[in-house]
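Working notes, beginning with the structure itself.
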Protein chains: 2
Amino acid sequence: MSGKQQGRKPRADVQRNRAALLAAAQRHFLRDGVGASLEAVAKEAGVGPGTLYRHFPTREALLAAVLQTRSEELVARRADIAQLGDASERLRQWLRAMEEYFSAFSGLPEPLMAAARAQDPDNPLTLPCDDLITTTDEYLRAAQLAGHARPSVKGYDLFLAAISTAWISGTGATDEESLGRLRALIESGYREQDDEE
Amino acid sequence: MSGKQQGRKPRADVQRNRAALLAAAQRHFLRDGVGASLEAVAKEAGVGPGTLYRHFPTREALLAAVLQTRSEELVARRADIAQLGDASERLRQWLRAMEEYFSAFSGLPEPLMAAARAQDPDNPLTLPCDDLITTTDEYLRAAQLAGHARPSVKGYDLFLAAISTAWISGTGATDEESLGRLRALIESGYREQDDEE
DNA sequence: CCTTGTGCGGAGACAGCCTCCGCTTTTTTG
DNA sequence: CAAAAAAGCGGAGGCTGTCTCCGCACAAGG
């Protein structure tokens, strides 16, 4: 019942190509955003387009694979955040961490929202998204229990707030100061009124 | 010094083609979002691609021309809003009106932010954007004077909040209820704490 | 009706997405 | 270790979309 056991060892060139593709893709996504030319990625990795599409059938699949590393970083940061004593501060830090994750590549919020929308099990970005929302809800509930956040707010709301802030940040249209004010506005939006600090 | 006086009357077919292009473009932007195929627009308008690009050198130019109608609607709404007595309510209404304007076509926030970024005088979307930000600032200042809004907030912040809400709305990933909660979160973010209503 | 010149439109160059299939490379088998 | 079998490779090519250039047609004015 274990599904597929790897009957044969994976071929050497397969792993090599996959690694080369991921490295090239990361470079291109960083430089050109999530809309980078996949043809160019394949060329830089030294493989044909066919190979790229066999490894990663869609742009989203490639994106999800490249994002894997970042996801692990995020999990690591969760451990750091758990150390902090204040539930309010933990929530704030988590939201910042999530926003940075969304800002990994320019244009990333777009496909992420599309994945969150459809609940499409085929979309490889759906799972990471759901995970993020669930985690946000956990941090939020802790803050609510401590009386630091309005009860009417939902985890999904803060997910939306974080991803839209990342979207604005990714357009490159806004200086860091305005972004800071926007974050402050959101924070005072979910904080309980009689909250102390 | 009046620049160019129209030495010759505009040709009949020019006006006809322009109108046909605008109508076709509006339909396609509505259905397919701002990324709609310009080839298809030209075909539906019954003209060649060359004609389209002569009238509107860039996608943004076409977009700005189509948006002209909506901008006038927005100006009209400003008159309605001015009737309301409460500065706080006026600000709220204005933010909603602006958000609806941003939601005219799916994907519209993207080029709008790009225009707001560059202050590029060549980009035909820059002017409308600046106007919106200025107006937001006026409404906000009135609310601040009345003690209904935090003094630390700037008009540009609320512009960002509105456009990012419209962006989320345009992804189609989110139900109206979550959007309402997000708006409420933003509102309680800029409202003065000791504000009544 | 003719002249003028403005505007038309489609052919075509270019870029990116994605697929299909003959061939090479790797692995397995005798 | 050679030969068969399997697995993966890669590029040619179809498709869609953007944008330009230029010979030609047609509207405006005499």
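A quick note: this is a predicted structure, and the numbers were derived from the prediction, not measured. Each chain gets a letter, A, B and so on, in the order its sequence line appears, and its residues count up from 1.
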Hey, mind stepping through A/S188 and B/R191 against side-chain hydrogen bond (donor to acceptor under 3.5 Å, both in side chains) and telling me if it holds?
-> CA-CA 9 Å; A/S188 65; B/R191 275 225 173 182; over 6 Å; no
May I ask you to check if B/R70 and B/F105 form a cation-pi contact, with NZ or CZ under 6.0 angstrom from the six-membered ring centre and within 45° of the axis?
-> yes
Under a 4.0 Å heavy-atom cut-off, which of residues 12-26 of chain A touch DNA chain D?
-> A/D13, A/V14, A/N17
side-chain N/O A/H55 vs D/dG8 OP1/OP2, d < 4.0 Å = no
Thinking salt bridges, do B/E39 and B/K43 make one under a 4.0 Å N-O criterion?
-> no
Are A/D86 and A/R90 ion-paired here, with the side-chain N under 4.0 Å from a carboxylate O?
-> no
Could you tell me whether B/R78 and B/E138 have a side-chain N and a carboxylate O separated by less than 4.0 Å?
-> yes
Starting at atom NZ of B/K43, determine the distance to atom C1' of D/dT18, rounded to an integer number of angstrom.
-> 14 Å
B/S/- contact track for nucleotides 11-24 of chain C, protein heavy atom under 4.0 Å | -----BBBB-----
Should the heavy atoms of other residues, nucleotides or ligands under 6.0 Å from CZ of B/R150 be counted, would the total exceed 12?
-> yes
Step-by-step side-chain hydrogen bond (donor to acceptor under 3.5 Å, both in side chains) determination, B/Y156 to A/T174 | CA-CA 10 Å; B/Y156 185 57; A/T174 302; 3.0 Å; yes
Using a strict 4.0 Å threshold on nitrogen-to-oxygen distance, state whether B/E177 and B/R181 make a salt bridge.
-> yes
